[in-house]
Each structure stands twice: as C-alpha cells, then as structure tokens.
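All remarks here apply to the structure that follows.
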Amino acid sequence: MTSYKATRNLLMDIPAIEKTVFLIDRKDLDVQTKMAFQSYADNDTIDVDDTDYVDSLIEKMADDNRQMIVTTRQKMQIMVNRRLKEGSKRYEKIKARRVAFVVDECHRAVTPQTKRDLELFFANSLWYGFTGTPVFEENSYEQKGDLPQTTEQLYGECLHSYTIKEAIHDEAVLGFMVENLGVKDLSEEEAKKVYETEDHMRKVLNVILNQSFDKFGMNNDKGRTYEAILTTNSIGKAQKYYDLMKKVKEGKDELKISDTVHKALPDFLSLP
C-alpha cells in the first residue's frame, strides 16, 4: 500500500510527470504487485497498467495517457537497449518522457550501472527507492569506476524511515526476543576459534533440538506449533550444520534427540 500510494501520488500531485513506473526485479513479483496495485486502483481515480511483454511496455510508454505502470527491470532494459530503434519517432517520444521511477527492493533491483544507463536514456526522470536493507559504506557495492557504492549515493538522502521498533509498536509485525547463549566478550580471533568448531555447532543443535520444546509450542494443539530458521555466516557453514544434523537424526553422533521430543514428533528431523 505504501509503495502504491507513493507511485500514485507522484503522478497525481506533480502535473509535469507523464508516467510513473513501479520497477521490480522478478517476474513473480510483477504479477503479485500488479494484482495488488490494481485492487487498490479499483477504489481510486487512477489507472494501473501491467506489461506482460516488452511490446506492451513500449505501447504504454509511447501512448499519451498519464498512468502508473508496473514492470520489471529486465523488460525496461530490453526496451531501451534492444527494441527501440534509435532515431525513430517512438524512440524519441519515449526518451523525452518525464518519468518518475519507484524501485522496489532498490538495494538489489537496479544495479548502479543499470540505473546510470536508464538515466542516460530517460534524461527527464526522477528516482525513488524502497528497501528494508539499504546498502551502507560497510557493505557497499564493489567499486567500479565512479559508480555509486551505497543506496544514499544512488538515490539521495533518505526521505523517510520506518524502523522495526516502530513496526512492533504499531503491531504491524510480531515482536522478538534476543538471547545470547554463547561466550561473551571475545576478540574476533577468539570468536573464530570458539564458533567455528564442531563442538560449538553441537551445542547450538542441542539448544534447538532439546531445549526449545516450549518455544516451538510442542505442547500446543495440532497446527499451532512454530517453525524456525537457522542462519549462518556462510553457505559452507550451513552445509556443515546440515551434515551434522543428519548424523544426529540418524543416531550417528554423540548428541541425541531427547525422548520427549521423539514422543511429541516421531518424524522429527526427517531430512532427505
């Protein structure tokens, strides 16, 4: 709803803007977003157009209707780089459009090079980005010439932020609890020695498998238990946890699943 309102208001409140384009980076999100935007537009005074094919995107960018368009970054690139014939009337008309782009998941949807390429084509364009995980200096894009390396460099100063603390307060998301069960106050070098060992991994799995019965709601009625995600700092570490968990499940490790858990979930950890 927020992204819809932003895209809508740019078109409705700034008469000079001819088109607003909500840009996404995956086909499945294209369908999902189109349906959501069109449902909002049913109770609004604005038209939302989707673009099933690049040709339909070209048609909508070339017509004279002021409208919101939902499309993917890939279709936009193909239109600009391959389909439009430089010097043609349609090419010049679309190139001259006054367009406001609203980019979903802007930390990944449009790379610095792609954004620059599109800005060179759409010289009269405004750019706004939505993201829950902005790119900062500490996790910046790889340096490539003079291309921007952070979200702020790409889109400018942040206009508005909505933090997880505010979302929890508004009951828009569930709250969470943080428990630190590991060794504290370790240097980076000491932490590697502790956390990279199989012994530590085994302790983590013991907490998950044998000490989280109530947290998973295993005493609750069927369908009211909870799920969890184990995250690691690398794919390689995740694979090691997977292999160790298989050994535990098959009874080939010193860590054993408690009888209580086995009774509650006889098929617990039925990994392929």
Side-chain angles (χ1 to χ4, degrees), residues 24-33 72 74 104-109 111 131-142 149 151 163-165 167-168 171-272:
I24 49 190
D25 69 340
R26 297 210 317 265
K27 186 175 180 180
D28 57 329
L29 287 177
D30 191 9
V31 176
Q32 178 183 329
T33 305
T72 63
Q74 292 88 341
D104 188 40
E105 302 290 353
C106 69
H107 61 279
R108 68 156 197 255
T111 66
T131 178
T133 52
V135 177
F136 297 107
E137 288 187 8
E138 55 265 32
N139 64 324
S140 61
Y141 299 112
E142 179 185 352
Q149 289 184 271
T151 301
T163 66
I164 187 67
K165 184 177 180 180
I168 292 172
E171 298 184 353
V173 298
L174 293 174
F176 56 88
M177 177 178 66
V178 176
E179 291 182 85
N180 289 306
L181 304 178
V183 183
K184 297 178 177 64
D185 302 322
L186 295 177
S187 67
E188 186 174 340
E189 194 63 34
E190 290 172 328
K192 286 182 180 179
K193 292 179 181 178
V194 172
Y195 297 133
E196 297 297 321
T197 64
E198 188 172 274
D199 182 59
H200 173 75
M201 293 168 60
R202 191 173 285 110
K203 289 177 181 177
V204 170
L205 291 185
N206 184 49
V207 170
I208 295 171
L209 301 178
N210 294 323
Q211 299 177 25
S212 301
F213 191 88
D214 292 332
K215 289 179 182 176
F216 282 123
M218 292 191 189
N219 283 321
N220 296 344
D221 296 334
K222 186 176 180 180
R224 299 189 63 190
T225 56
Y226 304 108
E227 297 179 353
I229 298 174
L230 172 64
T231 61
T232 65
N233 63 353
S234 70
I235 294 174
K237 177 57 71 65
Q239 291 170 332
K240 289 180 180 179
Y241 268 107
Y242 179 83
D243 292 338
L244 182 57
M245 195 174 285
K246 282 189 71 174
K247 287 173 62 179
V248 173
K249 177 248 180 180
E250 294 166 358
K252 298 178 181 179
D253 189 80
E254 62 187 73
L255 175 61
K256 306 300 178 185
I257 301 174
S258 70
D259 291 338
T260 304
V261 173
H262 267 308
K263 289 177 182 177
L265 295 171
D267 298 324
F268 192 49
L269 288 179
S270 55
L271 299 172

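Quantities reported herein were computed from a predicted structural model and do not represent experimental measurements.
- If you take NZ on Lys256 and CG on Leu209, they are separated by 12.5 Å, rounding to the nearest 0.5 Å.
- With sequence neighbours excluded, the residues forming a salt bridge (Lys or Arg N to Asp or Glu O under 4.0 Å) with Asp253 are Arg202, listed by chain and number.
- The two atoms that bring Thr131 and His107 nearest to each other are OG1-ND1, 2.7 Å, heavy atoms only.
- Under the 3.5 Å distance criterion, the side-chain polar atoms of Gln149 are matched with a main-chain donor or acceptor of Tyr141.
- For Lys252, the salt bridge (Lys or Arg N to Asp or Glu O under 4.0 Å) test picks out Glu250, with sequence neighbours left out.
- Atom OG1 in Thr232 sits 10.5 Å away from atom NZ in Lys240 (nearest 0.5 Å).
- For Lys203, the salt bridge (Lys or Arg N to Asp or Glu O under 4.0 Å) partners at least two apart in sequence or on another chain are Asp199.
- Asp104 contributes no side-chain N or O that, together with a main-chain N or O of Ile24, makes up a donor-acceptor pair within less than 3.5 Å.
- Every salt bridge (Lys or Arg N to Asp or Glu O under 4.0 Å) that Lys237 has, sequence neighbours left out, goes to Glu196.
- With rounding to the nearest 0.5 Å, the separation of OG1 in Thr151 from CG in Asn139 is 8.0 Å.
- Residue pairs that meet the ring-ring contact (aromatic ring centres under 6.0 Å, His included) test with at least one member in residues 220-241, sequence neighbours left out, do not exist here.
- Atoms CD1 and CG, on Ile257 and Asn210 in that order, are 7.0 Å from each other to the nearest 0.5 Å.
- A donor-acceptor contact shorter than 3.5 Å links the side chain of Ser212 to the backbone of Val207.
- Among residue pairs with one or both ends in residues 172-191, those qualifying as salt bridge (charged side-chain N to carboxylate O under 4.0 Å, His left out) are Glu179-Lys215; sequence neighbours excluded.
- How far CG of Leu205 is from CG of Leu244: 5.0 Å, rounded to the nearest 0.5 Å.
- A distance of 14.5 Å separates OH in Tyr195 from CE in Met201, rounded to the nearest 0.5 Å.
- For the pair Val173/Ile164, a side-chain contact is recorded, criterion being any heavy-atom separation below 4.5 Å from C-beta on.
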